[in-house]
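Chain letters run A, B, ... following the sequence lines, proteins first, then strands; residues in each count from 1.
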2 protein chains.
Amino acid sequence: MHAEPRPIEHQQAEAKQLESSFKVACSNCNLRELCLPVGLSTDEMQQLDGMVASRKKIKQGGHLYSSGDAFTMLYAIRTGFFKTCVVSEDGREQVTGFQMAGEIIGLDGIVSDKHNCNAIALEDAEVCVMPFNHVEDLSRQIPMLQRHVHKIMSREIVRENGVMMLLANMRAEERLAAFLLNLLQRLHARGYSKSELILRMTREEIGSYLGMKLETVSRTFSKFSEEGIIEVKQKNIRILDHDKLKAIFNASTC
Amino acid sequence: MHAEPRPIEHQQAEAKQLESSFKVACSNCNLRELCLPVGLSTDEMQQLDGMVASRKKIKQGGHLYSSGDAFTMLYAIRTGFFKTCVVSEDGREQVTGFQMAGEIIGLDGIVSDKHNCNAIALEDAEVCVMPFNHVEDLSRQIPMLQRHVHKIMSREIVRENGVMMLLANMRAEERLAAFLLNLLQRLHARGYSKSELILRMTREEIGSYLGMKLETVSRTFSKFSEEGIIEVKQKNIRILDHDKLKAIFNASTC
DNA sequence: CGTGGCATTGATATCATTCAAGATCTGTGG
DNA sequence: CCACAGATCTTGAATGATATCAATGCCACG
């Protein structure tokens with residue numbers, strides 16, 4: 001995922017001048033179509049540049065935030081891959097999502113002013129830090145941003161509806177097929193191949209997300225592999241038969 | 001879903017008197033602590049009265065909205081009980097939630113400007129109809145309302161995180177205990193008994209929500225009944241041992 | 001007072017889990 | 001560069017929880 005330098009001399013000059021502030025400018029970010037509303041005026045775009053207070057690097061395994069932490073920030077993922085998970089009183093961990101570049105993380109904290117889950121980097125990562133107060137202030141000034149924030153939250157609600165369907169109704173093979181197809185689709189939107197991916201999470205984390213044990217995840221991968229649907233080499237997955245994968249996902253009677 | 005009528009005569013009298021003239025006034029609604037932000041000025045309160053465009057009655061079994069419908073409105077439930085459910089391509093239905101008085105419904109539609117699930121009345125119901133454009137306009141003027149809308153959406157996200165945990169990690173007994181405790185707690189917040197409730201949904205709908213078959217729901221009710229934890233008479237449930245129910249919910253090793 | 005929807009209960013089947021052993025990979029220090 | 005340890009993954013066999021199939025009972029409603 002490389003940034004394409006914009007060949008606009010004026011901006012480059014400006015960039016040198018404003019080195020530090022440029023660093024956090026949304027208007028120049030190659031992820032802005034994923035993060036931000038489209039169709040903003042230049043004026044509004046400049047206002048938005050102030051939304052990101054800073055950037056933060058998280059090492060693999062590090063916590064971006066933890067359950068119970070005070071909530072004040074939302075984060076836009078710039079690079080890297082995260083998982084979010086809740087932990088029950090008796091210690092059971094449930095992965096509630098995997099997040100990648102361009103996605104917004106931290107919405108769980110709004111309701112109670114403290115975070116309700118852990119956000120953990122699955123690889124070295126960098127995020128844009130957005131004070132939520134500031135997001136709200138700007139939302140009041142820029143209706144398109146307001147709508148965008150609402151859509152992001154609604155999207156998360158709808159996504160979780162889908163996961164509920166998956167957990168409640170589907171069998172192991174369907175779950176894993178749905179999981180792979182979802183990852184592929186999101187990676188494709190970011191310019192990656194439709195037929196290859198590298199899993200950044202362990203079998204156990206996949207299993208937690210999908211409501212199955214790591215052994216079952218492994219067995220199901222092996223089954224798909226035997227059937228010539230995918231090729232599995234540890235965390236490297238190659239899709240050999242996309243249609244078959246879709247058929248498994250759709251089929252209730254199979 | 002009332003086990004006991006609310007013994008607040010004053011409010012009942014008021015409701016009758018002002019039935020027509022204050023038909024859509026939030027400021028006089030006895031549910032406002034549930035629906036609306038607290039601590040608004042009188043001015044702001046009056047502004048909010050304009051948020052509800054109308055009321056709408058839904059008969060038992062009727063659809064408030066259906067998947068695919070254009071999204072323009074949010075709804076605040078005034079009376080009655082709803083379920084929301086998504087239906088997969090192959091026809092499997094998944095109940096994603098049960099909603100009662102004071103709760104907001106329709107958030108699923110924001111992301112794609114059309115609804116992503118069905119909202120069906122489980123008993124005769126009445127809702128306040130709130131054009132979403134109007135909610136957004138007012139949110140820009142009243143920061144406390146803006147924050148409130150964000151909290152409602154965040155709450156839904158966190159709720160669904162909990163359901164994911166339940167579906168992925170818990171056994172039938174734990175799921176049903178969690179379900180009952182959640183209903184009791186929400187009904188209690190509305191002035192109903194902590195030890196009695198009437199289920200407005202069928203065993204099949206409970207099962208769908210909890211990821212189990214209706215027979216398993218029935219068996220689990222019977223088991224709780226045999227153990228003296230609850231008393232089951234069709235849809236009437238009496239809680240005999242609240243602590244035991246909590247213990248089942250919390251216990252992983254039981 | 002029947003009819004249809006809903007709920008209960010039993011017997012059996014099935015899918016995923018559990019327990020266990022071994023294989024593979026990764027990173028680290030000698 | 002190799003050897004080793006810990007983490008992760010794979011695979012097999014036995015077990016168990018829930019689903020499925022089937023029969024019956026109960027209740028509400030016309």
Does Lys235(B) reach the main-chain N or O of Met201(B) with its side chain, forming a donor-acceptor pair under 3.5 Å?
-> yes
What pairs with Phe224(A) under ring-ring contact (aromatic ring centres under 6.0 Å, His included), at least two apart in sequence or on another chain?
-> none
Polar-atom pairs under 3.5 Å, protein N or O versus N or O of nucleotides 11-14 of chain C: list them with distances, or write none.
from: dA11(C); atom 1: N6; to: Arg219(B); atom 2: NH2; distance (Å): 3.4

Check the distance between dA17(D)'s P and Arg175(B)'s CZ and give it to me in whole angstrom.
-> 13 Å
What pairs meet the salt bridge (Lys or Arg N to Asp or Glu O under 4.0 Å) rule with one or both residues in residues 218-232 of chain B, with sequence neighbours excluded?
-> Glu173(B)-Lys223(B), Lys223(B)-Glu227(B)
Describe, as an angle rounded to 10 degrees, how the axis at the first end of the helix from dC1(C)-dG30(D) to dG30(C)-dC1(D) is tilted relative to the axis at the last end, five pairs per end.
-> 40°
Nearest whole angstrom, please: distance from the C1' of dC9(D) to the CZ of Arg200(A).
-> 18 Å
For Leu199(B) and dA28(D), give me the distance from atom CG to atom C1', rounded to whole Å.
-> 17 Å
Using modelled atom types only, decide if a donor and an acceptor are shared between the side chain of Arg78(A) and the backbone of Ala125(A) within a distance under 3.5 Å.
-> no
To the nearest Å, how far apart are Asn236(B) CG and dA28(D) C1'?
-> 13 Å
Could you pull out all residues at least two apart from Thr216(A) that satisfy side-chain contact (heavy atoms from CB on, under 4.5 Å)?
-> Ala172(A), Met212(A), Lys213(A), Thr220(A)
Angle class for the Tyr65(A)/His115(A) ring planes (parallel below 30°, perpendicular above 60°, tilted otherwise)?
-> parallel
Any salt bridge (Lys or Arg N to Asp or Glu O under 4.0 Å) pairs touching residues 195-209 of chain A, not counting sequence neighbours?
-> Lys83(A)-Glu205(A), Glu123(A)-Arg200(A), Glu196(A)-Arg238(A)
Does dC19(C) have OP1 or OP2 sitting under 4.0 Å from an N or O in the side chain of Lys213(A)?
-> no
Atom pair distance, as rounded to whole Å: CG in Leu176(A) and P in dT10(D) = 11 Å
Atom CE in Met130(B), atom OG1 in Thr72(B): separation rounded to 0.5 Å?
-> 12.0 Å
In whole angstrom, give the distance that lies between atom CE of Met212(A) and atom P of dC9(D).
-> 13 Å
Who pairs with Gln99(A) by side-chain contact (heavy atoms from CB on, under 4.5 Å), at least two apart in sequence or on another chain?
-> Ile77(A), Phe82(A), Thr84(A), Glu103(A), Ile105(A)
Are Lys233(B) and dA7(C) close enough that a side-chain N or O sits under 4.0 Å from OP1 or OP2?
-> no
Looking at DNA chain D, which of residues 201-210 of chain A put a heavy atom within less than 4.0 Å of it?
-> Thr202(A), Arg203(A)
Residues two or more places apart in sequence or in another chain: which of them pass side-chain contact (heavy atoms from CB on, under 4.5 Å) with Lys244(A)?
-> Ile229(A), Asp241(A)
N/O (side chain, Thr216(A)) to phosphate O (OP1/OP2, dT17(C)) under 4.0 Å = yes
Base, sugar-phosphate, or nothing: which does Lys235(B) touch, judged by heavy atoms less than 4.0 Å apart?
-> sugar-phosphate
Leu167(B) CG to dA16(C) P, straight-line distance once rounded to whole Å = 15 Å
Lys56(A) backbone acceptor or donor facing Glu126(A) side chain under 3.5 Å = no
Name the pairs: protein N/O against N/O of nucleotides 21-26 of chain C, kept only if under 3.5 Å.
none

Taking atom P of dG10(C) as reference, at what distance in whole Å does atom CG of Leu214(B) sit?
-> 16 Å
Sorted by position of nearest nucleotide on DNA chain C, 5' first, the leading residue of Glu215(A) and Met170(A) is Met170(A)
Please answer whether the main-chain N or O of Val95(B) pairs with a side-chain N or O of Ser208(B) as donor and acceptor at a distance below 3.5 Å.
-> yes
Would you say Ser218(B) reaches dT9(C)'s phosphate, i.e. side-chain N/O to OP1/OP2 under 4.0 Å?
-> no
Taking only residues two or more places apart in sequence, or in another chain, which ones meet Lys59(B) in a side-chain contact (heavy atoms from CB on, under 4.5 Å)?
-> Asp124(B)
Can you name the ring-ring contact (aromatic ring centres under 6.0 Å, His included) partners of Phe221(A), sequence neighbours left out?
-> none
